[in-house]
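Notes follow once the structure below has been shown.
Side chains are part of it too, since the values below use all heavy atoms of this structure and drop only hydrogens, waters and symmetry mates. The chains referred to below are lettered A, B, ... by the order of the sequence lines, with proteins before strands, and numbering in each begins at 1.
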2 protein chains.
Amino acid sequence: MELLFYAYRDFTAEPDAILAKHKLGRAHHRVIYFVGRYPLISVSELLAILRITKQSLSRVLGELVREGFITQQPGQRDRRQRLLELTAKGAELEHKLSESQRQRVARAYRAAGAAAVEGYRKVLSGMVDDDRRAKLPRNRGPRA
Amino acid sequence: MELLFYAYRDFTAEPDAILAKHKLGRAHHRVIYFVGRYPLISVSELLAILRITKQSLSRVLGELVREGFITQQPGQRDRRQRLLELTAKGAELEHKLSESQRQRVARAYRAAGAAAVEGYRKVLSGMVDDDRRAKLPRNRGPRA
DNA sequence: CCATATATGTCAACATGGCTGACATAAAAT
DNA sequence: ATTTTATGTCAGCCATGTTGACATATATGG
């Protein structure tokens, strides 16, 4: 439990510093991250992932759209949807933000070894609620 | 990264619900947790762990002291210090809060196996900043 | 002993990012 | 044609972070 707190705390610290330069917060990071991870994601799916209210999301998402980090487009099958995608500018920021985290993860992975990483993933998955765990993308192998 | 977000999100969800009944928030939980973990911890050490300002801590800590969850006592060697300890009431709340988390961790541990847990700890430790990692307590073995 | 540094507390103002509740619109589904 | 769904928006509230300034008691070093 303690470990998880420290890891999360330190994991978010560097991106927070970068975000501050753009006058953005951690909430923006989460949106940028998941839109980058799941291009053309719908607003409701994003809400389900973040587990916040649409009013909370709206503020943050609105800013990102206005500042040109994210674009919205109507869904093809369902035109009520406003599917979200990163712009080039958004992708660039996403990359910068992820960079420090990737390095941190990579360092931890190298120090711990492949077997440890396997276990790490297993345990973390086990802590996620069942409904979300079912939707987890399969491990795509070492990315560091 | 995604996994870590979900795990942390779901890890904090249940305690949050319990805390709400006591009109407390996640910030209170963190204080209660670390005071329980390190009895007679000093305010400055707690600040170093949480990485928040003393003004932020003061509000939360003050409430916990006023509500009788935590007591303060002057340090013996250094009487400027106000060493923190859980009261019986505080310990009881701490236990309740940790209960759901312990179960979640235990479930994940069982599902993943001992070897996976070992790896999990290794990787998480590797993500923690060096200065704090040096102070991590040694793994005390299965507690679930 | 005195000067300075440290541990802690406190007041005030402000920002971020959650929340609830109410209401609106367009498109899909029945 | 009606109802449901996906989304947006306004308004106000709360929790928890921030900075800056200042106060007090005790420890520490010349």
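The footprint of chain B on DNA chain D, defined by a heavy-atom cutoff below 4.0 Å, extends from D:dT16 to D:dA27.
Remark: A:Tyr8 engages B:Tyr8 in a ring pair (Phe, Tyr, Trp, His ring centres under 6.0 Å) (not counting sequence neighbours). Applying the ring pair (Phe, Tyr, Trp, His ring centres under 6.0 Å) criterion to B:Phe34, with sequence neighbours excluded, gives A:Phe5, A:Tyr6. Annotation: side chain to side chain donor-acceptor pair (under 3.5 Å) contacts of B:Ser125 (sequence neighbours excluded): none. Not counting sequence neighbours, A:Arg79 has no partner by the side chain to side chain donor-acceptor pair (under 3.5 Å) test.
The stretch residues 1-15 of chain B has no heavy atom under 4.0 Å from DNA chain C, so no residue of it qualifies as close. Of the residues in residues 67-76 of chain A, not one comes within less than 4.0 Å of DNA chain C through any heavy atom. Contacts between residues 38-56 of chain A and DNA chain C, counted as heavy-atom distances below 4.0 Å, involve A:Arg51, A:Ile52, A:Thr53, A:Gln55, A:Ser56.
With the end axes of the helix from C:dC1-D:dG30 to C:dT30-D:dA1 each set by five pairs, the angle from one to the other reads 30° at 10° resolution.
Among pairs with a residue in residues 55-69 of chain A, none fulfils salt bridge (Lys or Arg N to Asp or Glu O under 4.0 Å), at least two apart in sequence or across chains. For the salt bridge (Lys or Arg N to Asp or Glu O under 4.0 Å) condition, no pair includes a residue of residues 83-92 of chain B, sequence neighbours left out.
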Return all side-chain donor-acceptor pairs below 3.5 angstrom for residues 40-50 of chain A, not counting sequence neighbours, or 'none' if the list is empty.
unit_1	atom_1	unit_2	atom_2	d
A:Ser42	OG	A:Ser44	OG	3.4
A:Ser42	OG	A:Glu45	N	3.2

